[in-house]
Amino acid sequence: MSNLTLPANIVSNPKLSQWFRLDQLPLVTVCTGKVELGQGIQTALQQIAADEIGVDLQQINWIAGDTHLSPDEWYTAGSLSIENGGAALRTALGYARYLSIEAAAKKLGVTANSITIEHGIFSSKDSQQQITYAQLANHLDLDVEITSNEQIITSKQQVMTKWVGRSIARDDLHSKLSGAAFIHDFTLPHMRHARMIRAKHVQSTMTHVDIPKIQQLPGVEQVVHSGSFLAVVGSNEALIVLAQEKAQAFVSWQTPAYVQTQTPTEEMITALQASDEIAFQQGTADTAHTTVKARYSRPFIAHASIGPACAIAQESDGILTVWSHTQGSHLVKNQIAVGLRQDPSTVKVIHLHGAGCYGHNSADDVAFDAAFIAKMTGLPIRVQWSREEELTASPFGSPGVVEFEVGVDESGRIINWQSEVWSPTHIHRPGWAGKLNLLGAWMIDPPHPIDETKDNPLPQGGGLRNAITLYNVDYQQVKHHMIPQAPLRTSALRGLGAYLNIFAMESFMDEVAQALGQDSLEFRKKHLSDPRSITLLETLAQMASWSNRANLPEGTGLGMGFARYKNSGAYCGVMVQLRAEEKIYIDHVWSVCDAGEVINPDGLINQIEGGIIQSISWTLKEMVTWDTEGVTSATWDTYPILNFDEVPKVEVKLLNQPRVQSLGGGEASAGPTAAAIANALEQALGVRARHLPLTPDRLAELMS
């Protein structure tokens, strides 16, 4: 039978042995390029794997993110681990299952379609014997190219073990809660600790350094200096941390000329030089009866990971091994090699769990720091960033401005939709577009050039992610103003441009509905034809008692936001009930998510909840600040995030679609949550919030 279309990750990693091996028997080895970043994806992927090959979870030897052992699956990003990584595993392991069934049938002397697999044991109604994967190992050639056809897919019916769809407890949590499970706990014999010496603006140039005085600081055994790259090294971590702070007195820096005094986001963004293009256009504009226009913005946002970045590196026998909590082991491996000006075959990257990741944070930069220092000293090196480095040296989520102008016909339906998006790049990862995007590589002597930034094009989009409306309109145009140079370094942060675009679009839908005197829920439904979207909104309205919102106490509001992430991922709707006093208090959040077939319900709910809570923090509190020397929001006092006592009650309902493709849901709730807050605030106080964050000062401005 003819082969079916193979997933892209299989096309780039075509050998079965890249995904499935029988080298750690009695366990079966399953390999993936998708890594655990705190999102619970490891357990969900293991559930997919166990279902495909008919084993229990504890029978799997799991390998993820090891560049010598795992397939290259790009980054663990974009809410694509289940959607793409899961699809690749299903194809690869489906082929492994098919080959194993054929081999088992031959060994048992029965027909292949009489074989069933359960708990890793192959049985047949036509034989009293059984056989295991261990017994089949010598009868399987796994060094073959993966194929897929209807016969292979049909063999899935012979698997009795069923893990998909169950809320299996994450297998990484026990060790993380009870022992040394993070990269920060990993040690090597004779390891030294290193700390970086940096300016307030990480792309500043070093103009003077007094190395002898730094070498005299207590605990400093070596100083690594190359260009504007400066680090202290020693065996006592506590003394090295103190030396890092004291060494700043012996260094002078020159801030880049493009760094200007901070001004309001809207003013700053629209004043910066940009390249302009019409990114999307469809339909024909018609004469409108009414026109509505509004502009929205968000500031620079920090990753603000609770656990600071860490990496360990050691060179031995000509191989430089780097342990990292990177999102892209293969990509950062290649970029470290480029940065060190050596062959990629001499570098190995092994993923270890970090304390949380929301995009391109500092994991890749600290990996290069450790690799370079290990090369320069010949020692096993551990580098951990400080809290101040995390909040100043990591790439930031890009600021942006979105403007809408729509034309409405006499019946109250939107016919013309025009939008403009101003933003720096939302993706500047190591290896993206083949570029070397590592901070340390830009600092060493001779420095690698800082490549000109560009943004991810549609349909995925960076600044334009979710800029195309899902609502039914006759004419739509999206203009993009890409800003190549911003005051601060930017790259991927959870959701990329979708957070701002959805906040703006869903706020604007409420504004247009209000201008027309229409209920905002019915207004949305009137512009939708997709039954999944309509069902989700109706379910959400019932959960949150939307019909009773007029009876809420004074100063209280109920608002909604809705989107389909990237217009191709999970559908997510959010309703927020809040109180507006001297600040905004979020009391209750309801959410409905349709992510197709749900692999692990509890895991997906956790992702939706996490996105909601982080979005509340972004929307109410978070904003990077800077002056002419660099970033000034370098502590939790100057960059506050949501506290535990500010977390509201959150209810999530999943609309499981077992016969529909699984969709990525990790970033689906952020944008709808922000819009729901702004829309609820309008009901509570009668003011429209268009510019984030909605701090008490911003609230006072709106009320004045």
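Because only heavy atoms are used, hydrogens play no part in the values below, and waters and symmetry mates are left out as well, while side chains stay in. On a predicted model such as this, the values are computed, not experimentally measured, just so you know.
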Q.
Strictly distance-based, threshold 3.5 Å: is any side-chain N or O of Arg382 a donor or acceptor partner for the main-chain N or O of His184?
A. yes
Q | Contact check, side chains of Thr261 and Thr263, non-hydrogen atoms, under 4.5 Å | A | no
(Q) Can you confirm whether Pro299 sits close enough to Glu622 that some side-chain heavy atom of one is under 4.5 Å from a side-chain heavy atom of the other? (A) no
Q: For His303 and Ala492, indicate whether the former's side chain and the latter's backbone hold a donor-acceptor pair under 3.5 Å.
A: yes
**Q.** Backbone of Cys310 reached by a side-chain donor or acceptor of His325 within 3.5 Å
**A.** yes
Q | Under 3.5 Å donor-acceptor, Gln215 side chain and Val223 backbone | A | no
Q. Taking atom types as modelled, is there a side-chain donor on Arg489 or Gln203 under 3.5 Å from an acceptor on the other?
A. no
Q. Looking at Asp276, Ile278, Asp455, which hits side-chain contact (heavy atoms from CB on, under 4.5 Å) with His480?
A. Asp455
Q: Could you tell me which residues satisfy ring-ring contact (aromatic ring centres under 6.0 Å, His included) with Trp323, sequence neighbours excluded, listed by chain and number?
A: Phe186
**Q.** Nearest heavy atoms of Leu439 and Val202, plus distance in Å
**A.** CD1-O, 3.8 Å
Q) How long is the span from the CD atom in Gln18 to the SG atom in Cys31, to the nearest 0.5 Å? A) 9.5 Å
**Q.** Any donor-acceptor N/O pair, Thr453 side chain to Pro484 backbone, under 3.5 Å
**A.** yes
**Q.** Distance (rounded to the nearest 0.5 Å) between Leu272 CG and Gln485 CD
**A.** 9.0 Å
Q | Evaluation steps, side-chain contact (heavy atoms from CB on, under 4.5 Å), between Lys34 and Leu89 | A | CA-CA 10 Å; Lys34 300 298 184 181; Leu89 272 182; over 6 Å; no
Q: Please check if atom NZ in Lys454 has more than 12 non-hydrogen atoms from other residues, nucleotides or ligands closer than 6.0 Å.
A: no
Q: Return yes if a side-chain donor-acceptor contact under 3.5 Å exists between Gln262 and Thr625, otherwise no.
A: no
Q) His481: what forms a ring-ring contact (aromatic ring centres under 6.0 Å, His included) with it, not counting sequence neighbours? A) Trp422
Q.
Just so I know, are the side chains of Tyr75 and Leu80 near enough to count as touching, which here means a heavy-atom distance under 4.5 Å?
A. no
Q: Please examine the side chains of Val631 and Tyr639, heavy atoms only from C-beta on, and report whether any two atoms are closer than 4.5 Å.
A: no
Q) Under 30°, 30 to 60°, or over 60°: which ring-plane class applies to Phe368 and Phe372, parallel, tilted or perpendicular? A) parallel
Q | Whether Thr43 side chain and Asp171 backbone form a donor-acceptor pair below 3.5 Å | A | yes
**Q.** Pair Thr32-Glu73, side-chain hydrogen bond (donor to acceptor under 3.5 Å, both in side chains): steps then yes or no
**A.** CA-CA 8 Å; Thr32 177; Glu73 291 195 85; 3.0 Å; yes
Q.
To check you understand the geometry: which heavy-atom pair defines the closest contact between Gln342 and Leu320, and what is its length?
A. NE2-CB, 4.3 Å
Q) Under 4.5 Å between any side-chain heavy atoms of Arg465 and Gln460, yes or no? A) yes
Q: Would you check if Pro424 and Ile269 make a side-chain contact, meaning some heavy-atom pair closer than 4.5 Å?
A: yes
**Q.** Beyond-backbone contact of Val232 with Ile214, side-chain heavy atoms, under 4.5 angstrom
**A.** yes
Q | Short side-chain to backbone donor-acceptor contact, Gln327 and Thr76, under 3.5 Å | A | yes
Q: Can you see which heavy atom on Ala370 is nearest to which on Val383, and at what distance?
A: CA-CG2, 3.7 Å
Q.
I'd like to check the ring-ring contact (aromatic ring centres under 6.0 Å, His included) partners of Tyr499; sequence neighbours left out, ordered by chain and number.
A. Trp618
Q.
Please report the interatomic distance CD1(Ile350) to OG1(Thr326), rounded to the nearest 0.5 Å.
A. 13.0 Å
(Q) So does Gly86 get a backbone contact from the side chain of Arg90, meaning a donor-acceptor N/O pair under 3.5 Å? (A) no
Q | Least distance between heavy atoms, Pro399 atom then Thr490 atom | A | CD-CG2, 4.3 Å
Q. Partners of Glu390 by side-chain hydrogen bond (donor to acceptor under 3.5 Å, both in side chains), sequence neighbours excluded?
A. Ser362
Q: Could you tell me the separation between the NE2 atom of His225 and the CG atom of Leu230, rounded to the nearest 0.5 Å?
A: 6.0 Å
Q: Compare all side-chain heavy atoms of Thr632 with those of Lys200 and state whether any distance is below 4.5 angstrom.
A: yes
Q | Distance in Å, Arg298 CZ paired with Ser423 OG, rounded so as to fall on 0.5 Å steps | A | 7.5 Å
Q | Shortest non-hydrogen separation from Glu667 to Ser79 and the atoms involved | A | OE1-OG, 2.7 Å
Q | Distance, nearest 0.5 Å, that separates NE2 of His448 from CD of Gln335 | A | 9.5 Å
(Q) Please tell me whether Asp369 and Trp385 have a donor and an acceptor in their side chains that are separated by less than 3.5 angstrom. (A) yes
Q.
Can you give me the closest heavy-atom contact between Gly38 and Arg170, atom names plus distance?
A. O-NH1, 3.2 Å
Q: Establish, yes or no, whether a centroid distance under 6.0 Å links the rings of Phe300 and Trp626.
A: yes
Going by atom type alone, with no hydrogens or angles, which donor-acceptor pairs under 3.5 Å involve a side-chain atom of residues 238-251 and a protein atom two or more places apart or on another chain?
{"residue": "Gln244", "atom": "NE2", "partner": "Met196", "partner atom": "O", "Å": "2.8"}
{"residue": "Gln244", "atom": "NE2", "partner": "Glu389", "partner atom": "OE1", "Å": "3.1"}
{"residue": "Gln248", "atom": "NE2", "partner": "Arg198", "partner atom": "O", "Å": "2.7"}

Q.
Keeping Glu83 on the side-chain end and Gly664 on the backbone end, is there a donor-acceptor pair under 3.5 Å?
A. yes
Q.
Hydrogens and angles aside, do Thr638 and Thr635 bring a side-chain donor and acceptor to less than 3.5 Å of each other?
A. yes
Q: Please identify each residue that fulfils side-chain hydrogen bond (donor to acceptor under 3.5 Å, both in side chains) with Ser316, with sequence neighbours left out.
A: none
